[in-house]
Amino acid sequence: MKTRFAPSPTGRLHVGNIRTALHNCLLARKAGGQFLLRLDDTDVERSRPEFADAIRHDLDRLGLTPDASFCQSDRIVRYAEVFDALQRAGRVYACYETPEELELRRKVLLGRGLPPIYERPEGENAPVEGVAPHWRFRLDHAAPIEWEDAVRGPQRFEPANLSDPVIRRADGSWLYLLPSVIDDADHAISHVVRGEDHVTNSAIQLQMFDAIGADRPTLAHTALIVSEEGKLSKRAGAEGLAALDDRGFEPMALLSVLARIGTSQPVEPAPDIAALAAGFDLASFGRAPARFAWDEVAIVNARLLHATDYADVVDRLPAAIDAARWQVLRGNLERLDETAGWAAVFDGEIEAPEPSEEDRAYLAAAGAVAAGLEWDEEAWGKLTTALKARTGRKGKALFLPLRRALTGRSAGPEMAALLPLIDKRRALARLGS
Ligand code: GLU
């Protein structure tokens, strides 16, 4: 099992291609295979080294570190070698049309109700004085293209219905199709998982694998990702780790969602990549679009935190949050950065809402009772039992003024667990004693 993720370094990673990286990584990890990163940087105009660095960095942060990586720009000698061989075999031919001529032909064909397929010449195109040619791959019209897609099932394309693709520009630079095939073949990639927008590319690329005498990889084309409202909006589609950080979510919350949307398996919070890999199964993917929503990431994020062990999070916690405090807090958290506010509840200053006249007297009574208590797990029970007997208060009137005064908040973990973790003198001061 050898997979690869092949982004173009023309921007940061976004939710859509993080999902593709994840699929390929999980497939490799589950089988104990290899996961490669290939940077498709043949488009010199748009590719930037800083984007390549950002992609590597983001993959590391997500725990999707590849086992090896390379750039297509380092491989152009190899591409030229294969190109020459294909040319000698008659599978590559020169073309001299300008973009304007091609566009005109397209319009004419469409106007006649015909598919706008490139009209290949009988033999070779006649050279045009002073024009450097670009190059197309000659599809084999006699060989229907068929494969068993690991997500979409049996696929069949009639090559005569496809245009011979341009593979090299007049300036010698490469388009995506052929270099990708050469790389996949040379690296013995066994499985290619990518979005269904690549299905037609795959049909063409399978003929290229055959033409260069390479084994075909297993192909899996996943349904595209959409937001709850339908199409993944331009903004949401472009959102990546910065959006995750803005929301204060854990990378594993995003990955837990991305690994399961579009499949028949439920979204479950997974603590790490290994846990996600264990359940990963291409057979569970469906053809319907994969629905993505940050709201679902939020829910998974909270569930993840509720089950996170202190040891796994200690280096990201404020110093005030020790193991006992974490244990009490975690079940109430939606985001890890809420622990900063809780650190102040334990060991700092809080801003409690101003109590009413009546509650002020009540809190003073509470302070007097609390002062005489042993500060242990039973302190809260003893305090409230005594206050109930003394004041006749019950329910909310009994508990809420205490919670507000002691924590500055109206909600949070059980007070019985919380109270002994707040320093007694600090608690008494908050009660006004
Ligand atoms: N660079 C291509 C893309 O990002 C790679 C597609 C592929 O072969 O996986 O769409």
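Whatever order the structure lists ligands and atoms in, that order sets their numbers, starting from 1.
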In ligand 1, which numbered atoms sit nearer than 4.0 Å to a non-hydrogen atom of Ser8? 1 (N)
Hey, which atoms in ligand 1 end up nearer than 4.0 Å to a heavy atom of Asp40? 1 (N), 2 (C), 5 (C)
Among Ala6, Gly16, Pro9, closest by any non-hydrogen atom to atom 4 (O) of ligand 1: Ala6
May I ask which of Gln205, His198, Arg4 has a heavy atom nearer to atom 10 (O) of ligand 1 than the others do? His198
Taking distance alone, no hydrogens or angles, what donor-acceptor pairs closer than 3.5 Å link side-chain atoms of residues 127-137 to residues at least two apart or in another chain?
from   : atom 1 : to     : atom 2 : distance (Å)
His134 : ND1    : Cys95  : O      : 3.4
Arg136 : NH1    : Asp164 : O      : 2.7

Please report the shortest heavy-atom distance between Ala203 and Leu162, naming the atom on each side. CB-CD1, 4.3 Å
Distance-only donor-acceptor hits, side chain of residues 407-420, under 3.5 Å, sequence neighbours excluded:
from   : atom 1 : to     : atom 2 : distance (Å)
Thr407 : OG1    : Arg403 : O      : 2.8
Thr407 : OG1    : Arg409 : N      : 3.1
Thr407 : OG1    : Arg409 : O      : 3.3
Ser410 : OG     : Arg404 : NE     : 3.1

Regarding Glu250 and Arg316, does a basic nitrogen lie under 4.0 Å from an acidic carboxylate oxygen? yes
Which of the atoms in ligand 1, numbered in the order shown and given with their element, are less than 4.0 Å from a heavy-atom of Ser180? 8 (O)
Does Arg216 qualify as a cation-pi partner of Trp147, given the criterion of NZ or CZ under 6.0 Å from the six-membered ring centre and within 45 degrees of its axis? no
Among protein heavy atoms, which lies nearest atom 6 (C) of ligand 1, and at what distance? Tyr176 OH, 3.3 Å
Indicate yes or no for a side-chain donor-acceptor contact from Asp309 to the backbone of Ala311 under 3.5 Å, with no hydrogens or angles considered. no
Counting each atom of ligand 1 from 1 as listed, which ones have a heavy atom of Arg194 under 4.0 Å away? 7 (C), 8 (O), 9 (O)
